[in-house]
Amino acid sequence: MKKKIIGALLSVAMVTSALVGCGSAAAPAAEAPAAEAPAETAEEAPAAEAEAPAEAPAAGGKVGVSMPTKDLQRWNQDGDNMKKQLEEAGYEVDLQYASNDIPTQVSQIENMISAGDKVLVIAPIEGDSLGTVLQQAKEAGVAVIAYDRLIMASDAVNYYATFDNKLVGTKQGQYIEEKLDLKNQKGPFNLEIFTGDPGDNNARFFYGGAMEVLQPYIDSGVLVVKSGQVEFDKVATPGWATEAAQSRMDAIISANYADGTKLDAVLCSNDSTALGAINSLQANYAGSHDNWPIVTGQDCDKPNVKLMLDNGKQSMSIFKDTRDLAAQTVKMVDAIMKGGEAPVNDTESYDNGVIKVPSYLCEPVFADADNYKTLLIDSGYYTEDDLK
Ligand code: BGC
């Protein structure tokens, strides 16, 4: 109830009119300190190579950061950026990675609560597996920020910091639309589709954004999905696993494209699935076909940027600057710690089944071989050596 009121107030007072990336909204002014003093029973986080905490004047308090896995490059960057920026803002940070294992994530969060963390920043492995532990957080007066992925089926989520996930999918769909000139051509062009983990709310937004662009062309026959696998459940990739995407692509190629039929585009929701599709194309398609399909992606992971630079084996990726998302999340933490309200710019889009979670959406950016230098190198995200 309280959240609904806060949400309504926020929608009037704080929603910014346009999405212009992160970092444009200032944290509200400090008010009275929020939470009670934590019990000092913390275990040290075993994760991330931490630099020495900056000696900035501490707003005080400990922040738990729960990341899903170290397996994907992006979550390591997210964790590192957050730790660094929170420490610079004067907070103590308990950073944990859960090896994509839900019970591990739950017990790490339990430990954070009992260690007296005042704010938890959580990127859930599976959106609706944290209800019970978050109830404990709520009862202990611990604020929760869902990070990048929405936490579902719980009213104990105070805020959500993410990128505009639907826009990620829209940009991927529009890329295929433009490259195949679907507005003017009749085709038919062959398309296959790979999205992410069914338990990750983001996957539905990525898929939804892309399909809003592409579905009309499938309906009119300009695009043909020869495998017949179009619905979300058929094209989902458990755990976002490269191997799962690769073996599904192996089966699709052998059943539909082994006779020389041309595949024109592969919609992949992110870079780990794109990598699986590309591995399979290299093994099963490259030698027997004289074209290479358009392949989309997301995250600008190093191996995928290399594939973009290597004869365009991956055509594009969506760049989500994890430094900006971390900075925005730090503003949220800071506002909560100081007893104020966090800056948000969307109070409508992210309904977790129980509440609409006040959100801050950063803007995802399109990246390809033409603009990678400005976007990734000049901005200091990667060095040229990282991409060799
Ligand atoms: C993130 C993507 C990421 C995927 C797999 C999604 O929730 O938004 O950036 O590629 O998870 O880790």
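For ligands, and for the atoms within them, numbers begin at 1 and follow the listed sequence. For this chain, numbers begin at 1 and follow the sequence in order.
Taking the charged nitrogens against the carboxylate oxygens, Glu384 and Lys388 have no contact shorter than 4.0 Å, which rules out a salt bridge.
Side chains of Lys320 and Thr322 form no contact here, defined as non-hydrogen atoms less than 4.5 Å apart.
Scanning for side chain to side chain donor-acceptor pair (under 3.5 Å) contacts around Asp259 gives Thr261, with sequence neighbours left out. Evaluation of the side chain to side chain donor-acceptor pair (under 3.5 Å) rule for Asp181 yields Asn184, Gln185 as partners, not counting sequence neighbours. Evaluation of the ring-ring contact (aromatic ring centres under 6.0 Å, His included) rule for Tyr175 yields Phe366 as partners, not counting sequence neighbours.
Checked against the 6.0 Å centroid threshold, Tyr382 and Tyr372 do not count as a close aromatic pair.
Within 4.0 Å of ligand 1, the residues that place a heavy atom are Leu72, Arg74, Trp75, Asp148, Arg149, Asp200, Asn202, Phe206, Trp240, Asn270, Gln298, Asp299, Lys320, listed by chain and number.
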